[in-house]
There are 2 protein chains.
Amino acid sequence: MSHSETVGVRQAQKQRTRQALLDAALGLLEEQSLSSMGLREVTRAVGVAPTAFYRHFRDLGELGVALVQESLASLHATVRAVLAEQAGAEERIDHTVAVVERYVREHPAHVRFIARERHGGVRAVRQAIAGELDRFATEVAAALKVQPVSVGWSDEDVRMLAELYVDRLVMTASAFLDVSDGEGEDSERWRAVARTARRQLRLISVGRRHWHDAVS
Amino acid sequence: MSHSETVGVRQAQKQRTRQALLDAALGLLEEQSLSSMGLREVTRAVGVAPTAFYRHFRDLGELGVALVQESLASLHATVRAVLAEQAGAEERIDHTVAVVERYVREHPAHVRFIARERHGGVRAVRQAIAGELDRFATEVAAALKVQPVSVGWSDEDVRMLAELYVDRLVMTASAFLDVSDGEGEDSERWRAVARTARRQLRLISVGRRHWHDAVS
DNA sequence: AAACTCAGAGAACGGTTGTTTACTGGATGA
DNA sequence: TCATCCAGTAAACAACCGTTCTCTGAGTTT
């Protein structure tokens, strides 16, 4: 019974407290930013000695980087699915916005963390987010490129379009979040954000279709 | 000679240290975020007793709000000029990006502050920035509305377009900033950011021109 | 010239911070 | 079974924090 344990009781418990630290930090970060959060504050929330922190992370910056991967991993998987699907432009947009909505509802803390620390005060975390969003944009670009609308587009132009989309998704998610704390998630303003997001994506989509008409 | 003094030596000196506090804070904020900056840290940078701070601001949040107005006032004035000018879409875009470039070169700290604290940890500051950008979008919307391209556009659609533009400007400014610390302001990547920004604005502009073709 | 105002100084407060050092005790592997 | 490992503990550290209270002295008003 003991030889088939995949991880061992020892390492399992270690990862449990590690995750507890990440969860507690994410919770605390809803009302402050990473650079103002205290190491002791996190360990206190978990119910563990301050020194235990060092068994898992060198400092809070390292914890932040771990949170970046945790935060973007799920979104990454979700959006990948949307990109893969074959559909008309209109349905695609509707579906994309719906996915973002759902993501904000289910992982508000993650969204807030990314939006806040994207330009935040900790260099390592900023770079981690930038890198992750970069890989994200690369993936979107690849998906856009194979669509029929993209014939005659240079790689550079596809890339700039992809970045436009990624930025919009992040901004939209953040806009949903701003509404959701203050009013409910079922308020009129929430629906207004969704409608605006769809129209903005649609406008970009229209610009994309007529790009070559106007490039002169 | 004394009766015509507009301010008085007294109030003048007060405003001088107040400005010194703002400047010192802005400087310190280049490498951290508002919620992690210490009150004493600011006064130390100015060369003044910690208690002197309270003569000017209730807390750092209030100082932050003051910084928001200072930061956006100049940009506001600059962009207002661009909006007013009569020009073709192409020149307009080039000019807009050039203005943003110049603004980032001349006020990098202000740009960083806005980008960082827009989603930062201090509620009052976030709200101040949101409010200011909202007024900003309203102004852009008004300018867009009177252009010939906008006939048949609902106010809501003009508004969503204006928000799209404002968000892009902020993102562009932030992108310039990211490049400028790391590489110079005359690097190849700087110019790449400018080119991408122009094309993104152009794509939005194309979408705008063909909006009614596709609204079905 | 005297009375008043008020920006800034100075000292002290209780509390929190990150980090170090030495330790314990249960899981682990020989 | 016994030696080893190592996640988490406990105590102490100097350094900082925001805020309060009291005081001063130069600018202002009468």
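Throughout, protein chains are lettered first and strands after them, A, B, ... in sequence-line order, and every chain is numbered starting at 1. In this text the structure is predicted, and so the values were computed from the model without any measurement.
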- Taking the side chain as C-beta and beyond, is there a heavy-atom pair between A:Arg112 and A:Leu29 under 4.5 Å? no
- Query: In whole Å, what is the span from the CG atom of A:Leu39 to the C1' atom of C:dT16?
  - Reply: 12 Å
- Note on the structure: CZ of B:Arg44 to CD of B:Glu41, rounded to nearest 0.5 Å, is 6.5 Å
- Any idea which heavy atoms bring A:Phe113 and A:Ser71 closest together, and the distance? CD2-OG, 3.6 Å
- Task: Apply salt bridge (Lys or Arg N to Asp or Glu O under 4.0 Å) to B:Asp94 and list each qualifying residue two or more places apart in sequence or on a separate chain.
- Result: none
- Item | Exercise: do B:Ser154 and B:Arg159 side chains pair donor with acceptor under 3.5 Å | no
- Query: Should B:Glu163 and A:Gln200 count as side-chain neighbours, where that means a heavy-atom distance under 4.5 Å?
  - Reply: yes
With a 3.5 Å cut-off and sequence neighbours excluded, list the donor-acceptor pairs that the side chains of residues 62-70 of chain A form with protein atoms.
from, atom 1, to, atom 2, distance (Å)
A:Glu62, OE2, A:Arg58, N, 3.3
A:Glu70, OE1, A:Gln19, NE2, 3.1
A:Glu70, OE2, A:His110, NE2, 3.1

- Considering only heavy atoms from C-beta outward, does the side chain of A:Val193 approach that of A:Trp190 to under 4.5 Å? no
- Item | Ion pair B:Arg118/B:Asp167, N-O distance below 4.0 Å | yes
- Message: Considering every strand and a 4.0 Å limit on heavy-atom distances, what is the contact class for A:Arg44: base, sugar-phosphate, or nothing?
- Response: sugar-phosphate
- Inspect the surroundings of CZ in B:Arg105 and state if more than 12 heavy atoms from other residues, nucleotides or ligands are less than 6.0 Å away. yes
- Reading DNA chain D 5' to 3', which nucleotide is the first, and which the last, to come under 4.0 Å of any heavy atom in chain B? D:dC17 to D:dT28
- Quick one: pull up CG in A:Asp134 and CD1 in A:Ile129 and give me the separation to the nearest 0.5 Å. 13.5 Å
- Task: Locate the shortest heavy-atom distance separating B:Pro50 from B:Thr43; write the atom from each residue and the value.
- Result: CA-OG1, 3.6 Å
Kindly give the atom pairs (protein nitrogen or oxygen, nucleotide nitrogen or oxygen) under 3.5 Å for nucleotides 12-15 of chain C.
none

- Task: Starting at atom CG of B:Leu21, determine the distance to atom P of C:dA7, rounded to an integer number of angstrom.
- Result: 13 Å
- Message: Can a donor-acceptor pair be found, under 3.5 Å and without considering hydrogens, that links the side chain of B:Thr17 to the backbone of B:Ala20?
- Response: no
- Item | Annotated protein contacts, base or backbone, on nucleotides 22-30 of chain C with a non-hydrogen cut-off under 4.0 Å, one of B, S, - each | ---BBBS--
- Nearest nucleotide by nearest heavy atom, which residue falls closer to the 5' end of DNA chain C, A:Leu60 or B:Thr17? B:Thr17
- Five pairs at each end of the helix from C:dA1-D:dT30 to C:dT17-D:dA14: take the axis at both ends and give me the angle between them to 10°. 20°
- In whole angstrom, what separates A:Phe53's CZ from C:dT19's P? 9 Å
- Message: At 4.0 Å (heavy atoms only), tell me whether B:Ala52 reaches a base, stays on the sugar-phosphate, or touches nothing.
- Response: sugar-phosphate
- Task: Let me know the distance between CD of B:Gln15 and P of C:dG8, rounded to the nearest Å.
- Result: 11 Å
- In whole Å, what is the span from the CZ atom of B:Arg16 to the P atom of C:dG8? 10 Å
- Between A:Gln15 and A:Arg18: side-chain donor-acceptor atoms closer than 3.5 Å: no
- What integer distance in Å separates B:Tyr54:OH from C:dG8:P? 15 Å
